[in-house]
Amino acid sequence: MLSKVKSEALHVKPKVEATSFQSILLDDAKILMNVIDGLEEDAIVAFDTETTSLDAYNAKIVGFSFCVDEDMAYYVPISHNYLGVGEQISMEDAKKALIELLKHKIVGQNLKYDIAVVYNNFNLPRIDIYADTMILAWLLNPESSVGLDTLALRFFNHPMIKFKDVVQKGENFSTVPLDSACEYASEDAWMTLKLYHKLQEMLEPKLLILAREVEFPFIHTLLMMEKEGIKVDGAYFETLLLRTDKAIELLKNEIFSLCNATFNLNSTQQLGNVLFEQLGLPAVKKTKTGYSTDENVLKELLDKHESISKILEYRELYKLKSTYIEPLLKLSKTSPESRVHTSFMHTGTATGRLSSKEPNLQNIPVKTELGREVRGGFVAKDGCLLVGVDYSQIELRLLAHFSGDEAMLEAFNTHKDIHRQTALRLFGEAEADAKRGVAKSINFGLLYGMGPKKLSDTLGITTKEAKSYIDGYFATFPTVRKYLTSIEERAKEVGFVETLLGRKRYFDFENANGMQYAGYLREAVNTVFQGSAADLIKLSMNKIMATLVDDEAKLLLQIHDELIFEVKEEKAEAFAQSVKEVMEGIYALHIPLKVSIAIGKNWGELK
DNA sequence: TGTGATAGCTCG
DNA sequence: GTACGAGCTATCACAC
C-alpha cells in the first residue's frame with residue numbers, strides 16, 4: 001500500500017531541473033490503475049522492465065517501472081519470489097495496466113528488449129515506440145558507449161545504482177527485495193526520461209528526423225525478425241559433424257606424421273615452433289608474440305612442406321566445426337521448433353550497419369564449397385521457401401551517385417558489368433576480360449581507402465605495379481579522385497562525415513598521430529559508403545515490414561546488403577518480385593539500384 | 001576457476 | 001607501418 005507521503009507525492013508539480021526524485025512502489029492494483037488513468041493523454045512515459053534474464057525470449061517479467069515527470073518514478077512488482085515477499089500485482093492486473101500505460105508516448109533505453117519481454121509475457125497487440133535513448137545517444141555519437149550507466153555519468157554526472165549491488169551473485173532480479181528493487185528500477189525509468197529530454201536538446205533536427213522516421217520504426221522491424229528466428233535442421237548438422245570429425249581426425253594424424261611431431265594444432269605457438277624451428281621452414285612474418293602462422297604465411301610455404309596443405313585444410317574444417325556446426329547443432333536441440341534467434345545489435349557499429357550475435361548469423365560461411373554446406377542447414381519450414389534478395393554493388397553505386405563521375409554513371413545507367421567496364425577504361429578492349437579481377441580489386445579498394453601495399457598483396461603483384469594501377473585509375477576517373485579527396489578534406493575541416501540520410505561519425509584528427517590520422521581518413525571515406533548502404537536497406541526493411549501480410553511471408557535475416565525471407569511456397573515468386581520493386585525504388589539516386597533474387601528450400605541453394 | 005589479450009578465421 | 005565494418009573460438013598468461 002502507498003504511504004501518505006507517497007500519495008501526496010502523486011500530486012507534486014514537475015520541476016524544471018530535478019536533481020533527485022522519489023521512487024514509489026505501486027503494489028496495489030487499484031492505485032496502479034488510478035495513477036495510469038490520471039496520466040495526460042499525450043504524456044511522455046519512460047518505461048523499463050525488470051526480468052529474470054538478459055535473453056528476452058527466456059526472460060520472465062519480474063516487474064516494470066515508469067516515469068512521467070522528473071520528480072518521481074514508479075515501480076510495479078509482479079513476480080518477485082522470495083520468502084516473505086510483500087504485496088505484488090497479479091499478471092492479469094499487470095496486463096491491464098500495461099495495455100493502458102503503453103498507449104502513451106513510450107520512451108525507453110533499448111526498447112527492443114523491453115517490448116520483447118512484454119510481448120512474450122503478455123499477449124499484447126503492437127506497441128508503438130515514441131523514442132529510444134540508446135539510439136538517440138548512438139546517433140549523437142556512434143562510437144561512444146550507449147549504456148544507461150555511462151550516459152547518466154556523462155550527461156548528468158550521476159552514478160546509477162549498480163545491478164551487481166542489487167542482485168546477489170548467481171541470483172536474478174526476482175529475489176531482489178521489493179524496496180531495493182523499487183529504488184533500482186525507478187531510477188532507470190527516471191534517468192531514461194531525463195536522458196530523453198537532454199538528447200532531444202542536443203541532437204540536430206536532421207538526426208531527430210532520422211531517428212523518428214527510420215531508426216525508431218526499425219526497432220520494431222528487428223523485433224519481428226528476432227522473434228521469428230530461422231529454422232535449422234538438426235539432423236543435417238549431426239551428419240555434417242560426424243563427417244568433419246572423421247576428416248579432422250584423419251588430417252591431424254597425417255600432419256603429425258608428416259611433421260614428425262605430436263602437438264596441439266590449435267596452438268599457433270606450438271605450430272610455429274614445429275614449422276619454423278623443428279622443420280626449419282623460413283619464417284616470413286612475425287606477430288607480437290612470435291611467428292605468424294596465418295593463412296597468407298602458410299600459403300607462401302605450400303611448396304616447401306607437404307604438411308602445409310593439410311594444415312590449411314585442418315584449419316578450415318576445425319573452424320567450421322567449432323564455430324558453426326557444433327553451436328548450431330546445440331541450438332537446434334534446445335530451441336522450440338528448431339528455430340534459432342539471433343540478436344541484432346541496432347547500435348553495434350560506428351557506420352550505421354547492424355551487427356548480429358548469439359549466434360552471429362551474418363558470418364555464416366559461403367566462400368568455400370564446404371562452408372556453403374553449413375548454409376544448407378538453414379531451412380524453410382514445411383510449406384515455405386527461403387527467398388533471398390540482394391542489393392548488387394550497392395556501395396559502388398553510391399560512389400557513382402555521390403561522385404557524379406560520368407563514366408561510372410554511364411556504366412550503371414546502361415546496366416553494364418561495372419568491373420569489366422572499369423577494366424575496359426583502364427586497360428583497353430583487348431585486356432578488359434583478363435584484367436577484370438584487377439579492376440574489381442581496385443573498385444573495392446576505393447571504398448576502403450586502399451594503398452598500393454594492400455592492393456599488391458591482394459593481387460600478388462609488386463607494390464610498384466599496384467601504384468601504377470592506382471595512378472592509372474585516378475587518371476582515367478579524375479572525378480572519383482576529386483570526390484574521395486573532398487570527403488577527406490571535409491572530414492579534416494569539420495571533424496566528421498555524413499551518410500546519405502545524415503548519420504554522422506566523428507574523427508579526432510587534432511589528437512591523432514600519423515598512423516591514426518591516416519586511419520581516420522580511410523574510415524571517413526569508407527563510412528560514407530558503408531553507412532549510406534546501411535541507410536538504404538533500413539528504409540527498405542521498414543517499408544517491407546509494414547506491408548507484410550500475416551503468415552504469408554516473414555523477414556528473417558539481414559546480412560548488410562541482403563535480406564532473407566521465409567515465404568509460403570505458392571507466394572514466393574510473386575513476393576520476391578514485389579520486394580525487389582520496393583528495394584529498387586526505395587530512394588531516387590543518379591544511378592539505378594539493382595536487386596537480385598534467389599529462391600530455395602534452404603540457404604545453401606540461394607546463390 | 002575466471003579474465004583479458006592475442007591470433008586467427010568467418011561474413012559483407 | 002596504412003584496405004573498411006563486425007563476432008566467435010581457442011590458447012595462453014596471469015590473478016584469485
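Every chain is numbered from 1 and lettered A, B, ... according to where its sequence line falls, protein lines coming before strand lines.
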salt_bridge(Glu489(A), Lys492(A)) N-O dist < 4.0 Å | yes
Round to a whole Å and report the spacing from OH of Tyr520(A) to P of dG5(C).
-> 11 Å
Would you please name every residue forming a salt bridge (charged side-chain N to carboxylate O under 4.0 Å, His left out) with Glu584(A), sequence neighbours left out?
-> Lys580(A)
Could you list all the side chain to side chain donor-acceptor pair (under 3.5 Å) pairs where at least one residue sits in residues 368-378 of chain A, not counting sequence neighbours?
-> Arg243(A)-Glu373(A), Glu316(A)-Thr368(A), Glu369(A)-Arg372(A)
Atom CD of Gln269(A) and atom C1' of dA10(C) are separated, to the nearest Å, by 13 Å
Starting at the 5' end of DNA chain C, which residue's closest nucleotide do you reach first, Ala518(A) or Glu523(A)?
-> Ala518(A)
Taking only N and O in the side chain of Gln270(A), is any of them less than 4.0 Å away from OP1 or OP2 of dC12(C)?
-> yes
Do Met545(A) and Met225(A) have side chains that get closer than 4.5 Å, going by heavy atoms?
-> yes
Angle class for the Tyr483(A)/Phe402(A) ring planes (parallel below 30°, perpendicular above 60°, tilted otherwise)?
-> parallel
At under 4.0 Å between heavy atoms, what does Thr527(A) touch on the DNA or RNA strands: base, sugar-phosphate, or nothing?
-> nothing
How does protein contact run along nucleotides 3-12 of chain B, one letter per nucleotide 5' to 3', with B for base contact, S for sugar-phosphate only, - for none, heavy atoms under 4.0 Å?
-> ---SSBBBSB
Protein-nucleotide distance (Phe344(A), atom CZ; dG7(C), atom C1'), rounded to Å | 13 Å
On a plain distance test, is the side chain of Thr351(A) in donor-acceptor contact with the base of dA6(C) below 3.5 Å?
-> no
By side-chain contact (heavy atoms from CB on, under 4.5 Å) - contacts of Ser267(A) (at least two apart) | Asn264(A), Gln269(A), Gln270(A)
Which part of the nucleic acid, if any, lies within contact of Gly445(A), taking any heavy atom under 4.0 Å across all strands shown: a base, the sugar-phosphate backbone alone, or nothing?
-> base
Sorted by chain and number, sequence neighbours left out, salt bridge (charged side-chain N to carboxylate O under 4.0 Å, His left out) with Lys467(A) holds for Asp471(A)
His346(A) NE2 to dA6(C) P, in whole Å, measures 15 Å
Verify the contact: side-chain N or O of Thr349(A) to OP1 or OP2 of dA6(C), cut-off strictly under 4.0 Å; return yes or no.
-> no
Walking DNA chain C from its 5' end, the first of Glu143(A) and Asn266(A) to be reached, judged by nearest nucleotide, is Glu143(A)
For Ser441(A), which contact category applies under a 4.0 Å heavy-atom criterion: base, sugar-phosphate, or nothing?
-> base
With respect to the phosphate group of dC4(C), does any side-chain polar atom (N or O) of Arg522(A) fall under 4.0 Å of OP1 or OP2?
-> yes
In chain order, what residues pass the salt bridge (charged side-chain N to carboxylate O under 4.0 Å, His left out) check against Glu295(A), with sequence neighbours excluded?
-> Lys299(A)
Lys454(A) NZ to dG5(C) P: how many Å, rounded?
-> 14 Å
Using the P atom on both, measure dC9(B) against dG1(C) and round to a whole Å.
-> 23 Å
Just checking Ala533(A): base, sugar-phosphate only, or nothing, at a heavy-atom cut-off of under 4.0 Å?
-> nothing
Sequence neighbours excluded, the answer for salt bridge (charged side-chain N to carboxylate O under 4.0 Å, His left out) partners of Glu300(A) is none
Could you tell me the separation between the CG atom of Leu361(A) and the C1' atom of dC8(C), rounded to a whole number of Å?
-> 12 Å
Whole-Å distance between dC4(C) P and Leu455(A) CG?
-> 14 Å
What does Asn264(A) touch in the nucleic acid at a heavy-atom separation under 4.0 angstrom: a base, only the sugar-phosphate, or nothing?
-> sugar-phosphate
Nearest-angstrom distance from the residue atom CZ of Phe444(A) to P of dC4(C) = 15 Å
Under a 4.0 Å heavy-atom cutoff, the residues of residues 467-501 of chain A touching DNA chain B are none
Those residues that, when tested against Ser596(A), pass side chain to side chain donor-acceptor pair (under 3.5 Å) (two or more places apart) | none
